[in-house]
Amino acid sequence: MKKIAVLTSGGDAPGMNACLRAVVRSGIHYGFEVFGIRRGYQGMIEDDIYQMEEHDVSNIIQYGGTILRTARSKEFRTKEGRATAYKNLKKWGIEGVVVIGGDGSFTGANIFMKEYDDIAFVGCPGTIDNDLIGTDFTIGYDTATNTAMAAIDKIKDTADSHNRLFFIEVMGRDAGFIALRTAVATGAEAVLVPETRTDIDHLANRLDDFYRKKGKTSGIVIVAEGDEGGGASKVAEAVRQRFDRYEIKVAILGHIQRGGKPTCIERVRASQMGLEAVRALKGSKKGVMIGLIDNKVTHTPFEKAIKHHDDISPVLLEMVEILA
Ligand code: ATP
């Protein structure tokens, strides 16, 4: 294998640039010609491909987003789209591709490899949601949780000053990792995640107890966007109907969780994963996602990585229960 390519796909995540930089620099270090594909699989189809040199990734490690841009490509979901993508890769002589993305991106890579087995795909887990099997942390998750934590700290100031109860919605799609981690880190009164059943009566009673028995005059409830309660606004409304001791407010943190400078640990992990992805291609591996479990590098087949996500930590859930 002489030529490899790299792309970022699906939702952007802070740390993608650090990973990308590592792929380009380590690829060149190991003697590959490295190509960048802009806008994920869409760029593969549109032949938006260019050779990258070391300087192309200078001074990007500290930035969120992705200099290659990203996309959700409908065309790549079609056989015809993938055939065009294949033709373009062959034209450039590209035999290996590092995909930095989430479960959808790896699903696409897997389907592609079943159709065209002479191109090797290796994945780096780039998603703020942390919803992949085979790694303790995905690229973007640490930064997103730190961003959410900083925002919630600010909301707590106003909640406290006005005796307000805030329902704060955080991202995570169908996973509750961002919600649970930020709930512990911000000392939230309660957290609602998709992985556990949401009982509004129980929540309202808990908040009532905090008011009457603990004398709390303000509070924070973190709601994961994928919780079956239906998001922070719906949950807040349901609680308001049962319980009127506090002034209830809603805040939806939204896309600020995707942006910003990656944290130190994010940059380190993303760089390591990028380097290991290149080493995997060099070692003729394919169809695997690079991960870090207990700080050790792992290779998880795409099929397994995308199936579902790890359970959320019962220890953290219990911490919210006991420490609030
Ligand atoms: P995030 O977790 O941040 O949303 P993701 O990688 O899961 O990232 P998706 O939009 O689900 O984001 O997937 C990225 C791209 O992968 C899609 O736009 C599409 O081009 C490709 N893809 C996803 N699923 C399939 C599929 N079943 N067949 C072919 N390609 C797919």
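Remember, it's 1-based here, ligands and their atoms both numbered in the order they're listed. These values consider heavy atoms only, across backbone and side chains, with no hydrogens, waters or symmetry-generated copies.
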Practice task
Spell out, yes or no, whether V221 and I155 are grouped together once hydrophobic residues are joined by side-chain heavy atoms under 4.5 Å, including indirect joins.
Solution key: no
Practice task
Provide the number and element of each atom of ligand 1 under 4.0 Å from a heavy atom of T127.
Solution key: 2 (O), 3 (O)
Practice task
Mark yes or no for whether D142, through its side chain, and E266, through its backbone, hold a donor-acceptor pair below 3.5 Å.
Solution key: no
Handout entry: Between E276 and Q272, a side-chain donor and acceptor under 3.5 Å
Key = no
Handout entry: Residue Y41 vicinity, atoms of ligand 1 by number, heavy atom under 4.0 Å
Key = 16 (O), 20 (O), 21 (C)
Completion exercise
The closest protein heavy-atom partner of atom 25 (C) of ligand 1 is R77 NH1, 3.6 Å
Fill in the blank from the handout: For S9, the atoms of ligand 1 under 4.0 Å from one of its heavy atoms are 14 (C), 15 (C)
Exercise for the section: Please confirm whether G10 comes within less than 3.5 Å of ligand 1 when only nitrogen or oxygen atoms on both sides are compared. Expected result: no
Practice task
Verify, without hydrogens or angle tests, whether E225 (side chain) and G172 (backbone) share a donor-acceptor contact under 3.5 angstrom.
Solution key: yes
Exercise for the section: Give me the ring orientation class for Y86 and F112: parallel if the planes are under 30° apart, tilted from 30 to 60°, perpendicular past 60°. Expected result: tilted
Completion exercise
protein heavy-atom neighbour closest to atom 23 (C) of ligand 1 works out as G104 O, 3.0 Å
Exercise for the section: Would you please test R39 and E75 for salt bridge (Lys or Arg N to Asp or Glu O under 4.0 Å) and show each step? Expected result: CA-CA 13 Å; R39 292 175 297 116; E75 262 182 284; over 6 Å; no
Exercise for the section: To the nearest 0.5 Å, tell me how far S26 OG sits from I4 CD1. Expected result: 7.0 Å
Handout entry: Distance under 6.0 Å and angle within 45° of ring axis: R82 vs Y116
Key = no
Problem - atom 3 (O) of ligand 1: nearest protein contact (heavy atom, Å) - result: G11 N, 3.2 Å
Exercise for the section: Report yes if some N/O of G126 lies less than 3.5 Å from some N/O of ligand 1; otherwise report no. Expected result: no
Problem - Step-by-step salt bridge (Lys or Arg N to Asp or Glu O under 4.0 Å) determination, K286 to D118 - result: CA-CA 10 Å; K286 60 187 207 173; D118 55 342; over 6 Å; no
Handout entry: Those atoms of ligand 1 less than 4.0 Å from some heavy atom in F76
Key = 20 (O), 29 (C), 30 (N)
Exercise for the section: Would you check the N or O atoms of S105, main chain and side chain alike, for any that come under 3.5 Å of an N or O of ligand 1? Expected result: yes
Handout entry: Atom pair CG/CZ of D227 and R197 - distance to nearest 0.5 Å
Key = 11.5 Å
Exercise for the section: Could you say whether the N/O atoms of R258 and ligand 1 ever approach to under 3.5 Å? Expected result: no
Handout entry: Distance (rounded to the nearest 0.5 Å) between R181 CZ and L316 CG
Key = 9.0 Å
Completion exercise
Nearest non-hydrogen contact to atom 17 (C) of ligand 1 from the set G140, S73, G108, G101 belongs to S73
Problem - D103 N/O under 3.5 Å from ligand 1 N/O - result: yes
Fill in the blank from the handout: Nearest non-hydrogen contact to atom 9 (P) of ligand 1 from the set R82, R72, R173 belongs to R72
Completion exercise
Atoms of ligand 1 under 4.0 Å from any heavy atom of I111, numbered from 1 in the order shown, are 26 (C), 27 (N), 28 (N)
Exercise for the section: For ligand 1, find out whether one of its N or O atoms is nearer than 3.5 Å to an N or O atom of G102. Expected result: yes
Practice task
State if Q42 counts as touching ligand 1 under the rule of any non-hydrogen atom under 4.0 Å.
Solution key: no
